[in-house]
Amino acid sequence: MNEDPETLARCFGVERISTGPLEPSYNVAPTDEVYAVAEHEGVRRLGVLRWGLIPHWADSRKGRPNINARAETVAERPAFRDSFRRRRCIVPASGFYEWGSAAAGRQPYYITMADRSLMAFAGIWASWKDPETRRWIRSCAIITTRANEALAAIHTRMPVILPPQHLDLWLDRDVRAPEAVETLLAPLPADRIACRPVSTLVNNVRNNLPENITPLTGALPAAGGPPSLLP
DNA sequence: CCAGACGTTGTT
DNA sequence: GTCTGG
DNA sequence: CCAGACGTTGTT
DNA sequence: GTCTGG
């Protein structure tokens with residue numbers, strides 16, 4: 001993500017900006033801060049959250065952070081259901097990486113909207129008070145669903161990307177019935193996204209470089225790998 | 001009753 | 001905090 | 001997700 | 001192989 005808060009506010013109907021700009025990142029890792037849009041006291045607000053949801057009842061931040069929540073179970077899981085009912089958010093992104101599994105090898109791919117617009121990942125958030133520092137940490141998880149046809153060859157899952165017409169309902173805190181918003185958690189149609197192979201530089205989170213998202217040219221996936229998805 | 005988990009991904 | 005397993 | 005570690009001693 | 005850190 002390399003957009004300023006004003007741009008994000010304009011794209012997502014944000015009424016109040018509650019954060020300064022984050023450093024551009026081409027390699028967002030779990031525990032990093034990410035921009036997020038949520039409703040607060042009836043106002044749509046842009047702020048930052050830590051990626052990796054810590055439920056309010058956790059007694060330490062140790063252990064693997066909950067970076068994803070499955071769309072199929074998010075409404076029921078104890079670690080997620082309160083957040084799903086009352087604390088939904090969107091996490092803006094220019095794109096995301098996926099690593100081919102099994103037949104697709106270790107090749108990383110960068111996925112964007114086909115029209116290069118910003119993505120709105122469906123997320124949930126929670127507040128947790130760190131007992132050591134006594135400070136509140138607001139954190140989030142990104143909801144995943146089955147991969148669409150464009151990504152199925154390289155991966156079984158993908159983040160839920162909300163189309164603009166669903167943002168109002170998703171962010172409405174007064175909508176508390178799970179079934180009212182569960183229907184929004186579908187894979188984005190394949191023709192809306194573009195998927196390109198990129199350098200393995202991205203494999204190391206210390207490589208936070210613009211080159212991470214540069215499509216490899218003349219380096220198609222190995223034979224037996226996924227079909228070329230370049231437009 | 002208390003103790004312990006509470007999640008996803010991917011997997012030769 | 002809330003649920004499950006023992 | 002991937003990369004990188006994977007240990008003990010002694011410690012207010 | 002499995003866990004932690006980023």
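Within every chain, numbering begins at 1; the chains are lettered A, B, ... in the order of the sequence lines, protein sequences first and strands thereafter.
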Charged N to carboxylate O under 4.0 angstrom, A/R157 versus A/E72? yes
Answer yes or no: is there an ion pair linking A/D168 with A/R44, defined by an N-O contact shorter than 4.0 Å? yes
Re E/dT2: Watson-Crick or G-U wobble partner, both distances kept under 3.5 Å, found to be D/dA5
Candidate nucleotides D/dC2, E/dG6, C/dT2, ranked by approach to the side chain of A/R81 - the nearest: C/dT2
Distance from A/M158 atom CE to A/F121 atom CZ, nearest 0.5 Å? 8.5 Å
Remember a base hit wins even if backbone is also touched, and classify A/Y97 as base, sugar-phosphate or nothing at under 4.0 Å, heavy atoms. nothing
Out of C/dG1, E/dG6, D/dA3, which has the shortest distance to the side chain of A/H56? C/dG1
Does B/dC6 have A/W57 stacked on its base, where the ring centres are within less than 5.5 Å and the planes differ by under 30°? yes
CD of A/E98 versus P of D/dC1: gap in Å, rounded? 10 Å
Measuring only the C1' atom in each nucleotide, how far is B/dT11 from D/dC1? A whole number of Å is fine. 15 Å
Using the P atom as the reference point in each nucleotide, state the distance between D/dC2 and B/dT12 in Å, no decimals. 12 Å
Applying the side chain to side chain contact (heavy atoms under 4.5 Å, CB included) criterion to A/N68, which one of A/V74, A/I142, A/I143 satisfies it? A/I142
Counting only heavy atoms not in A/E132, do more than 12 fall under 6.0 Å of its CD? no
Quick check for you: among B/dC6, B/dT9, D/dG4, whose closest atom lies nearest to any side-chain atom of A/A79? B/dC6
What distance, rounded to whole Å, do you find between the two C1' atoms, one in B/dG4 and one in E/dG5? 25 Å
How close or far is atom P of C/dT2 from atom CG of A/D59, stated in whole angstroms? 16 Å
Among B/dT9, D/dC1, B/dC6, which nucleotide sits nearest the side chain of A/R70? B/dT9
Given C/dG1, B/dT8, D/dC1, the nucleotide with the shortest approach to the side chain of A/I67: D/dC1
Is the shortest side-chain N/O distance from A/R206 to OP1 or OP2 of E/dG6 below 4.0 Å? no
